[in-house]
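Inspection log for the structure reproduced underneath, given as C-alpha cells.
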Protein chains: 2
Amino acid sequence: MDETLPKGERTRQNILQAAYALFLNQGFHGTSMRQIAARAGLAPGSIYNHFNSKDAIWEILFQERHPYHHVLRILREVGGDTIEDFLRNAARAMVYSLEQQPDFLKMMFIEIVEFNGVHVPSMVKTIYPQILPFLQRFISEEDKLRDIPVPVLFRSFVGLFFSYYITGLMLGNTDLPIFQEGSLEQFVDIFLHGVLKQLEVR
Amino acid sequence: MDETLPKGERTRQNILQAAYALFLNQGFHGTSMRQIAARAGLAPGSIYNHFNSKDAIWEILFQERHPYHHVLRILREVGGDTIEDFLRNAARAMVYSLEQQPDFLKMMFIEIVEFNGVHVPSMVKTIYPQILPFLQRFISEEDKLRDIPVPVLFRSFVGLFFSYYITGLMLGNTDLPIFQEGSLEQFVDIFLHGVLKQLEVR
DNA sequence: CCTACCGATCGGTAGG
DNA sequence: CCTACCGATCGGTAGG
C-alpha cells in the first residue's frame, strides 16, 4: 500500500481492496460488512466513516475496477500493422490477463446476478466515447473485413473472452478432452476466420 | 400446476418454482427463505418439511433446471441436412428461447458468483455422455469443417450464446447503434464462416 | 402412525 | 476510528 497517501485515503483504499477481493470470492450479498472491516483491519462500524452504505462500495468498485478499464488499456497498448495482427495481439494480451487474474471478468457477472444490471447504463455512457477509436480502426480497414456491421464485430470480439471464460468454468476443472490448453487461441482463430475476407497463410 | 400430483409433491414443486424465479431475479444470497415461502403460498417454516436447507434447494435447481437441459433438448430436436443447417437451426432455436425466457442462462452465473462453481464438476459428469452424440455429428462431417478440434468447435458454439447474452447486458438498454436487432444472427454467421471450409452462397 | 403444515420462536447476524 | 448497540431480519427449528 502506498505510504505517501494521507491516512484517511489509505484506509479508504484498504476497504475497497478488501471488499473487491471478498466480492469476487463470495459475491456481494454473500459478503458482510464485518468481513470487509476485518480484512481491512477495522472495527465493523468504521467503514461508515468512508462509505455511506454497502451498496456505495459496490458502486465505486463497479466504476473503478470494471473489466472494461483493463480491456481498453490492452486495446490501446497493443500494436499491429494489420487488423489481423492487432486482434491477435489483443487476444494474446487478454489471455495473459486472464491467467494473471482469472476472476477480473466476474465484476460483470456480480452486477448482473445481484444487481440486475442497474449500474450498467451509466457505465456504458462512460465507456462509449472510449470505444469509438477502436470502431474507427475497424472501419478504416473495412476492405479487409467481411460485410458485418462494425459494432457487431467489436461486440463479437469482446464477447469472445466471456464465451471462453464462462464455458471454461462450465467445464470445470475436469480432465475432459474438451478442455485443453490453447483453446482460446483457437477461439480467436475461429473469430478471425469468420471476420476476415482472407486469412494470411501461416 | 399439475393437479394429479400428490399434494406433497405439488408443494415441493411450488417451492422450487418460487425459488427459481426469485434466485434469477435477486441472486441466491439476496433471496430469503421467507420470500420463497411467501411466493410458494406457505408459512416460512414449512419449506423445511421438503428441503433440509436453502443450499439444498439450490443444489436441486442447479441439477434440474440447468440451461444445459434446454440447450441439449434444442440440439436433439432441430434437424438439418448439413452441419451448417443444423447449426443455423440450433442457433435460431436458441434465439427463440432467449426471447421467451431471457434469464435462463443466469443459473450458470449465479453458480459462479455465489458458489464459486463448487457444483459444476458433478454436473459436468452428468452432461458429458449427453454431449458425445453431438461431437459425433461434428466428427462425421469433419470434411466440411476447418481443422479445429471438435470439442473446441462445440465449446465455441455454446459459448456464442453466453457471449451474446453477456455483451447484450453490458450494453444495457441503451439506444447505441452497437446494440441492434439481428445481432445474434450475425454472431452465428461469424461463427459459421469461421468454422466451415466454405459457406454456401446465400 | 403418516403427511403436510401452522404460529411462534430459536441463536446469530444483517446493515446502519 | 472504536465500543456498544438499534430495529429488522436472517436461516433454521420448536411443539402441536
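Order of the sequence lines fixes the chain letters, A, B, ..., with proteins taken first and strands second; residue numbering starts at 1 for each chain. What you see below is based on every heavy atom in this structure, not just the backbone, and it leaves out hydrogens, waters and symmetry mates. Bear in mind that the values here come from a model prediction, so they are computed numbers and not experimental data.
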Between [N] ([atom2]) and [X] ([atom1]): distance, integer Å:
X	N	atom1	atom2	value
Arg10(A)	dC1(D)	CZ	P	9 Å
Ile47(B)	dA4(C)	CD1	P	15 Å
Glu114(B)	dG11(D)	CD	P	12 Å
Gln35(A)	dC10(D)	CD	P	18 Å

Original post:
Which atom names give the shortest non-hydrogen contact between Ser122(A) and His119(A), and what distance separates them?
Top reply: OG-O, 3.3 Å
Pick base, sugar-phosphate or nothing for [X], based on heavy-atom distances below 4.0 Å to the nucleic acid.
X	answer
Ala43(A)	base
Ser32(A)	sugar-phosphate
Leu42(A)	sugar-phosphate

Subject >> Distance (rounded to the nearest 0.5 Å) between Glu111(B) CD and Phe62(B) CZ >> reply: 4.0 Å
Distance check: side-chain N/O of [X] vs OP1/OP2 of [N], anything under 4.0 Å?
X	N	value
Thr11(B)	dA4(C)	no
Tyr48(A)	dG16(C)	yes
Ser46(A)	dC2(D)	yes

**OP:** For Gln17(A) and Gln13(A), test the side chains for any donor-to-acceptor distance below 3.5 angstrom and give the result as yes or no.
**Re:** no
Original post:
Just by distance, with hydrogens left out, do Gln63(B) and Glu59(B) show a side-chain donor and acceptor under 3.5 Å apart?
Top reply: no
Original post:
Hey, which of these two, Pro44(A) or Arg34(B), hits DNA chain C nearer its 5' end, going by closest nucleotide?
Top reply: Arg34(B)
Original post:
Are Phe191(A) and Tyr164(A) an aromatic pair by the rule of ring centers under 6.0 Å?
Top reply: no
**OP:** Using a cut-off of strictly less than 4.0 Å between a heavy atom of the residue and any atom of DNA chain D, enumerate the qualifying residues of residues 49-59 of chain A by number.
**Re:** Asn49(A), His50(A)
Subject >> Contacts of type ring pair (Phe, Tyr, Trp, His ring centres under 6.0 Å), residue Phe86(A), not counting sequence neighbours >> reply: none
Original post:
Given His70(A) and Ser97(A), is the side chain to side chain donor-acceptor pair (under 3.5 Å) satisfied, shown in steps?
Top reply: CA-CA 9 Å; His70(A) 202 89; Ser97(A) 293; 2.7 Å; yes
**OP:** Evaluate the ring planes of Phe134(B) and Phe154(B), with Trp represented by its six-membered ring, and classify them as parallel (under 30°), tilted (30 to 60°) or perpendicular (over 60°).
**Re:** parallel
Original post:
Can you tell me which stems DNA chain C forms when a stem means 3 or more consecutive Watson-Crick or G-U pairs under 3.5 Å?
Top reply: none
Original post:
When you compare dA8(D) with dG12(C), how far apart are their P atoms, in angstrom units rounded to a whole number?
Top reply: 22 Å
Original post:
Counting N and O atoms only, with roles assigned by atom type, does the side chain of Lys144(A) sit under 3.5 Å from a partner on the main chain of Glu84(A), one being a donor and the other an acceptor?
Top reply: no
